[in-house]
Every structure is written in structure tokens, then in C-alpha cells.
Amino acid sequence: MREKSDKSIFYNIDWITVLMYVVLVLMGWANIYAAVYNEEHYIITDISQKYGKQMIWIGTAFLLALIVLIIDENFYTAFAYVIYGLFMLLIIAVPFLGREVKGSRSWFRFGDFGLQPAEFMKFATNLAIAKFLSNQNIKIADYRNTIITLLMLFVPMVIIMKLQNETGLAIVFVAFIFTLYREGLSVNYLLLGFLAAILFILALLVNNIFLFAIIGILCSLSLLFIKRSRTNLFVVALIGIVACGMVKGTSTVYEHLEPHQKIRIDVLLGRGTVDLKKEGYNVNQAKIAIGSGGFLGKGYLQGTQTKYDFVPEQDTDFIFCTVGEEWGFLGSSLVIILQLTLIIRIVFMAERQRSPFSRIYGYGVASVLFFHLTVNIGMTIGLAPVIGIPLPFFSYGGSSLWSFTLLLFIFIKLDSHRLQILR
Amino acid sequence: MNQLGDRKYLIIGVFALVGLMFIARLFYIQVIDDSYKLDANNQAFRYNTEYPVRGYIYDRNNKLLVYNEAAYDLVVLPKNISKTDFDTAGFCELIGITKEVFMKKMKKAVQAPNSPRKESIFEKQLSPEDYASIQEHLYLYRGFSVQSRTLRKYPYKIAAHTLGYIGEADKGVTEKDPYYKEGDYLGISGIEKTYEKVLRGKKGLRIMMVDVHNREKGSYMNGLYDTMAIPGKPLTTTIDAELQQYAEQLMQNKIGSVVAIDPSTGEILAIVTSPTYDPNLLVGRARNKNFAMLSLDSIGKPLFNRSTMASYPPGSTFKLIMSLIGLHEGVLTAGTRYPCARGYPPLGGHPKCHPHPSPLDLNAAIGASCNSYFSYVFKSVIEDKKYHDTYKAYQNWRDIAMSFCLGVKTGSDLANELRGNVPSIKYYDKVFGKGVWKASTVISLGIGQAEMGITPLQNANLVSVIANRGWYFTPHIVKAIDGNSNDTLLNRFKVKHYTNIKDTMAYNTVIRGMAKVVESGTAAALKIEGIPYCAKTGTAQNPHGKDHSVFVCFAPINNPKIAVGILIENAGFGATWAGPIARLMMEKYLKGKITRPDLEKRMLEADLIHKDKLPADAAHH
């Protein structure tokens, strides 16, 4: 069954995907150069500047990709749990061993360079979930398996959020909902989740007393349409109580949030008055930068808002502002289209796998990339809350670039052996 | 499995939908909504205004009357001031203010319409000396900087009213003309106002890019959209600085006005309002204080430009016009005699007259300024049978008077000119009733009294018209702009205006009478050796107090070079005060020297303002 590795490691590689990856990475590099452009160090390879450093990250990422392709594809299936466990240990250890950066203890520093193990938790978790769900005896429809899967997601999520205080990195694990849905997670769960999300938002926007009343009325109305048996009465009452509990719970949780988190939610929901000089500053500046780009943009290196530091974190989480300002509507649409094309291509590639492991892993890749894209760009144009997560392949930073590279190239490697069924 | 495989469509659908949403949103904020572009420019560009140099002003002989001196405004950008290590005490000491003043000024700088992020003026117009000492240490105080501006300086300290002053544009100005920003300087009065657009030049604009810390990052697009400041153009005035200065000295301690015009060109040689003030007082930091001080003088009213803004009864001067109208209408000849009985006999001695021989012919009547005579002339003009109607005759009389620029603005380039008044038929109809009033009702118009009012400028122009025998150029104060006397702005001063009386014979008759005034009449004591001239002394009756001393004259008789009209308030007879001053001015202008130092001394020393304030016994002597 197993093909002998007498063929080149590049055999059957999906070159279109690789090409899109390279294009995105290089575009990101060019935009980092524009974002932190410094006339005194105008050479893009100057490693005292972020663009020089990014060059090193890109170089090593390519090397990493190569290594991923060289390693036998069975390594990833065989060691999925081991890798998951290893990185789990790392993210538990890092708060005690690493150094604090901007209030979060998630970094290992090596001189000028730093690594964030939590970034790598994504591909590790993806591997573990693929491994778990591809087991032929496992059906996700079974609620016990659902719970196990969710636990595999929640444990790293909680560790990253609580121990490392990295909300952005933690929240990404929500993305796996797409994988789970594809693998048979009941639509009812999703619907329930969706309703719950709406309830959460309403709880913050509408006076709770009104919501309680509305829930009560809806429950009473529902009794008109169903058989008024004792069981049904009990279920409806339970649903009403749970819904009211969620509303109250949301409000209570909100009240106990950190002030800066509260403000981020307020900014997104448009609650209260948003001070554009304080909590609303980032988003407002991001919108100004992007909005001022116009249709064609101001031209490369001509952006005033990003180059002159009006936009915070313009090289990392807000890199899209540079794109928007200098390349305009045309350039930013192109980036979105390119990213989405890659993501959708990955979905199609996942669907062509004969092995469930590869398919599940592929969906994980697409889901994670999509989640990053949505939250990152959504936040710069005011459609998502400000959560510090990078734009895949674009944002400055070695950990995220490496992590995305690993995530993607493991899949490319798996895909090159897509004719194999057994893993 | 197949069923599950279909789930990919929903997933792809969600992905594509989010992409579309983002692109739509981007289209809205990048292409449709312009507000972000504005916001971007507002925060990333600093528009640096380059102030042009304001044009200098010269006299007719290229003597510098107004120039600029650098001044320095201390400006503050409050957000740049360090909260932790700003040495307030040291700073206060440096610029010489107390801490309380400092706090007050800082408060002003951060409150609307200012803001911590906006530069505003902290201390206005530092002197060059203060600037030098402050500049040296200013680097210690981040947030403060110095902006250079120009101040007007007046080496001659003359012609304050005519030159006018500049002031800061307020909201009213900026709303009317967007060229100005609040705090910009612009001409408020005088030439500074009328020639504002010429003098101011054009502001330049440099667009600098700034970063989030407000540090300049270089010029936008390499200065593609920058404009250079265009300096204001210099003005050459018609003023003769020497004559102006001399006239101001002669007029000191007297209330009134002198205007001297070159009749052949309409150029104003000197225009004095007294009391006047040193124009340097209304410049710089002391301006508000000085302005208030000058405003306080309620008797002298030094800020009031009498030359163009005060209306006086023309009095005796108008008798010359009355003579011209009589001669022109054919109701008067040089030989016509009218009686005088210390007044106008038909109305029982009103208007009154002073004692003199009677009856008189025209020449003698001009010499004696006989009120009765000119009342007769007025009556004969108004009741002239050829008009069949008193009102038609009155209208004709009024039209002629107005063709001499009475009751109408001369159209000069002096700011804020009063129109004066020659009462209309409508006005009298309203006062007396239609058809009720007649010549005798308004008889004192004939001697330039009643409701008639003219400005000293109109008065001098009147003399010009007579000197020219029937025409005038609009009196004006600027003869060249940027050295060019043919500037289109000056075209209107090159148009000859003829009065309704074009018959030179009538003028010559009147001029003979005026010459006689100097030869043997009331101004006989004021002859100028070698230059026979024409004059008319007078008193303008003043209902509010002592009569005004009036004197008009021009010289030489043929091809006149200077015409002078002078009025001194409450000074009595024309030949006593007004006459000598006019005579001295003409001599100064025509000869360049004074042959009557005694007269000069008396005039320079005369104090007609403060005499009432002297001890009672001294005042009677």
C-alpha cells in the first residue's frame, strides 16, 4: 500500500497553493517595509529593522516548509498526540519560564527574537483532532465524542487565556467549529450556539428586564403550538429559565470583565460614548488609514497615517491598514480575495483526500486561516472587536509566520499523498 | 458521508459571504465615504502659513512713511508640554510673568476655541530684545516656540488717521472673507484698509507631513501643492511728508482739520486731523492700552478722523459757490449791489451780519463775507422767474451744489468718508410741509449754514474746483502702486470731473474777489512775498459754541499748485488762526522756506484747546 519514497519530496505537491503562500508572504513583507519604513535604514534587508527581521523569519519559514515536506507524512499521524501533548506542556511552562511582553506571559526570548509557543498550539491541536476524529470507531454525533473533542479544544484555549492572558490566541480555537460541523456535528448544536450568541449580544444591548419579559412571552406563545403535556411544559420552562440565566450570566460576566475588555466590547457594540482618543483610538485610526486610501490608494510608501505612526501596531495586527491606505480599495480587495481563494482552495483540497485524517486536518487549516482573516480584517474596518490576532502570512512576527507555515505545509505534505487511505 | 460532504457548500458559502461583506464595507469606507480622507489630512498634514511682508508706504518724494519691523509671537502647543519636568518657575522668570498669569494663559490655551492639540499665541509681539533673550533659552521649554510676525513702524509719526492701522481679523472678518484666519492682521482704517488687498500680498502655504507626535516629517509631495508667499506691494502716496509734518505741528493744540490738494492733479498733499496721535502708539503690545487712552479724550477725540468724518457747515466757503451759481444763472453780475443792515433786511436782519460798509458789490461782498448779500443772491436764484417754479429752481441750485461734490462723497481712496449734506426738497417738504417753504424759509443755505454740512476734504476739493475754474480730479492719497502710477486701481483718479458751471468767466469773477481778499481784504496781513494768491476768510456759525475759524485759499492764481481748506473749531474769525496756518503751509510747499517766523511761532505756540483750563485770570488776558 505504502508508496516508496523513491520519488522526489516535491512529487505531487500542490504548487498553486505553494505559490499563493509565497505571494502572500512576500506581499506581507513589502507592507511591513512600508509600515515601519525608516529613511535612515531604507534597505529592506537591514536586520536592525523589523523588515530585515521579517526577512529572516521568512527565510526560516521556507526552511521549515522544506523540512515539513521532507519528513515522512506518517510522522504527523503517528505523533499527532505526542505533538499535542508536547506543546501543551510548553504553553503551561511558558508563563513560568518566559518573559512578560505587553502584559502577557507567552514568550520565549532569544536575544532580539521571540517565539510564542501558543501560536504552535494551533497546528498541534489540529493534528490531535484530526487523529481523534479519523478513528474509524469514533462518530462525532456521539455526544461523548463531542465532549472529548470540545475538551481537546477548550483545554489549550483556557490555558492560553488564563495562564498567558492571550485572548487573541485562545479565541482562535473557536474556528474548529467548521471542522466539527463538516465532520457531522449536529446542526442543532450550531443552531443552539447561534441562538446563544444572539442572546449574549442582546443581553449586552437590551435592558435585561425586557429580555426576561420577551423570553417569557415567547415561551408562553410556544405552548400554543405544541401539545401541552407535562413533559413539554417542563421542557419549555427549562428553556426559558436557562435563557434567562444566560442573559443574567452574560451581564454578570460583562460586569466582571477587565476594563479594557469591557471597552472593546462597548466599542464594537457602539455602547455608551466611545472616546476616539482613548478606547476608540485604534479602530478609528485604522478606519481613517484604510478609508483615506480611496479607490487606488496613495501609492507604495506614500501612506501618511501608517508611516507616521497614527495607527498603532501597524506592522502586526493592523498591517491591513497599510494595505488599505497605500493600495486602496483595489489592493485591499485583492488581498481579501487572494486569502479567501487560498482558504477555499484548501477546502476543495481537503475534500479530495481519501484519508479522513488529511481531510479533517485540511478543514482545520482552512478554518484557522479563515478565522484569523475574519477577525483581523473585521477589526480594522470596525466589524469585529479588537482582538490581537495576526493576519495570516502578512503580519510581522516569526511565531505566527512559522505557525501558519507549519499548519499549511503539513497539509500540503499530506495532500501530496492524498491517494493513500490508511493512516 | 455524502450528506456530510454537502456541508462543504455551506462552509464555502460562509467564507465567501464574509469576503463579500468585507469588500462591500471597504468599498463604503474607501470609495463612498469621504470623511476618512478629511480626517487623515487633518491629522497627518500641518498647514504652515507663510506670511507675506506687508507693503511699505512712501510719501510723494519717496520718503518712507511706513515700514515693517519683525515681532515675535510666543506660541504654545500645550500637549507638548511635559507634565513632569516642565520648569514653570524658570519659564515665568524668563518671560517675566507671575505663576498666576502663567496658569491663566495656559488655561486659555487649552480651552475652546484653543485646544491642547492646537498651537495658540501665548504672548503676543515680543520686542526684538525680549525675543533675543527668550530665544536663547527656549529650547529648555518644550511646547513653546516663536513665530515671527511683522509690525508696522512709522518713522515720521505723522498722518496717523490717513495711514490707518492694522488689527487682527476677528470672527466677523473670517466669516466674510475666507482668506483671513482669526488672528491674521488686516487693515482696519485709513490706507491700510482701502489698499488692504494691495498691501497684504498673498499668503503662502506649505503643507508639511507630521507624525503622531506632531514631529514634522518633510514637505508633502515635495512641495507640489505649496504656494510661495507673495509680498505686498509698496504704495507711493501723494502726501508730502514735510508739509504734512509742518501742518501737524501748526495744528497742535487746536481742534480741526487742514486739507491741502494739488488742484492740477487732485493729489492730497497734506491732510491733517487735529488732535492727532503718534501712529506708533497703535502698534504692538501697548496697542490696546493706548487705544483705550486715546478713546478717553472726549474733547480732542484724537481717534476721530475729522478730515473725512466730521461734517461742518461750509459757511463762508459756500458764498463762493453761491456767487458762481448767481453768475451762472444770470441773476448776478460783478456789479450787483445789495444792502446790508447788520443782517438781511427783508427778514428783519436775519441772517445777522457783522458791521461793514453797505451796499457792496460782489467783490467787496466776498471780501467782507457779507451774509446779507449772499442771502439776496440765494433768494434771486431760488425765485428765478425762468424756472416758473421755486422748487425747480431749488432743484437746479442743489444739482449745481452737488456737482461741486457737496452732499456726495468725493470718491477718494480715504477710508470712511462722510457724504455731507445739501438738503433735498423731500427733506424740507417733510419738515415744513409741501408747498409751504420758500426761499426765505431756508435763506441761511445761501450763506452755507442751516442743514448744510461738508467735510474738510470736500471743502478743500471745493477750493480746487474754483482754482481750476470748473473741474477737479477726485482727491486721492495714492499716486503709484509698486512704482506704477498707471495701475488700473488708480484709473479713476485720472478722470476730469466738470461741475455744472463750465463758464470760466464766472470763476474768474469770483477768483478776482478772492485775490482782493489777500491784496486788500481780510487776509491782507497774510501775503506771501512774490506769490499773489486767492483766499476767503470765514467763520462757520456753530450752534454748539464759538464759531469755527475757516480759511480757504489757493496759489498761485494761475496754474494753481496748492489749494488749502482749513477749519479750526471754536476759534472764531478765520483770519486769526485758520488763515495764518494755511498761508504758512502754502509758503512752505511753494517756497520751501518760511518768511514769517513770527507768524509761525505764534501758530506753533497757540493752544486753543487748553485755554479754558487755565486759571480764570490768565484766560481773560
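No hydrogens, no waters, no symmetry mates; every other heavy atom, side chains included, goes into these values. Reminder, nothing fancy here: chain letters follow the sequence lines and each chain counts from 1.
- Within the 4.5 angstrom heavy-atom criterion, only side-chain atoms of A:L340, from C-beta onward, approach chain B.
- Within a 6.0 Å sphere centred on CD of B:E50, heavy atoms belonging to other residues, nucleotides or ligands number more than 12.
- For A:F178, the parts lying near chain B are the backbone and the side chain together; criterion is any non-hydrogen pair under 4.5 Å.
- Interface check for chain A: of the options B:I23, B:I32, B:V31, B:L38, the most heavy-atom pairs under 4.5 Å are formed by B:I23.
- A distance of 13.5 Å separates CZ in B:R25 from CD1 in A:I377, rounded to the nearest 0.5 Å.
- Chain A forms the most heavy-atom pairs under 4.5 Å with one residue out of B:F22, B:Y28, B:F27, and that residue is B:F22.
- Heavy-atom neighbours of chain B within the stretch residues 321-329 of chain A, taken at a separation under 4.5 angstrom, comprise A:G324, A:G328, A:F329.
- Counting non-hydrogen atoms of neighbouring residues, nucleotides and ligands closer than 6.0 angstrom, the NZ atom of B:K202 reaches no more than 12 such neighbours.
- Within a 6.0 Å sphere centred on CZ of A:F194, heavy atoms belonging to other residues, nucleotides or ligands number 12 at most.
- With contacts defined as side-chain heavy-atom distances shorter than 4.5 Å, the pair A:K287/B:Y36 qualifies.
- A distance-only check finds a donor-acceptor pair linking the side chain of A:Q305 to the backbone of B:A40 [under 3.5 Å].
- Nearest heavy atom pair, residue A:R182 against residue B:K8, reads CD-N, 4.5 Å.
- Contacts of A:V311 with chain B are absent, with no heavy-atom separation under 4.5 Å from either backbone or side chain.
- The part of A:L373 that comes within reach of chain B is its backbone (N, CA, C, O), which places non-hydrogen atoms under 4.5 angstrom from that chain.
- Heavy-atom distances place the side chain of A:I336, and not its backbone, under 4.5 Å from chain B.
- Comparing A:G293, A:A289, A:A350, A:S333 by heavy-atom pairs within less than 4.5 Å of chain B, the highest count is held by A:S333.
- Shortest non-hydrogen contact noted between A:Y181 and B:R7 is O-NH1, 2.5 Å.
- Taking OG1 from A:T380 and CG from B:L26, the interatomic distance works out to 7.5 Å, rounded to the nearest 0.5 Å.
- Of the listed residues A:T304, A:I344, A:I381, the one with more heavy-atom pairs under 4.5 angstrom with chain B than any other is A:I381.
- The structure places CD1 of A:I177 at 10.5 Å from CD1 of B:I11, a figure rounded to the nearest 0.5 Å.
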Begin with the C-alpha distance, continue with both residues' side-chain angles, and end with the deciding distance and a verdict on side-chain contact (heavy atoms from CB on, under 4.5 Å) for B:F15 and A:T374. CA-CA 9 Å; B:F15 289 0; A:T374 308; over 6 Å; no

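- With sequence neighbours excluded, the residues that form a ring-ring contact (aromatic ring centres under 6.0 Å, His included) with B:Y131 are B:Y72.
- Between A:S292 atom OG and B:D33 atom CG the span is 11.5 Å, to the nearest 0.5 Å.
- Heavy atoms closer than 4.5 Å to chain B are found nowhere in A:F371, neither backbone nor side chain.
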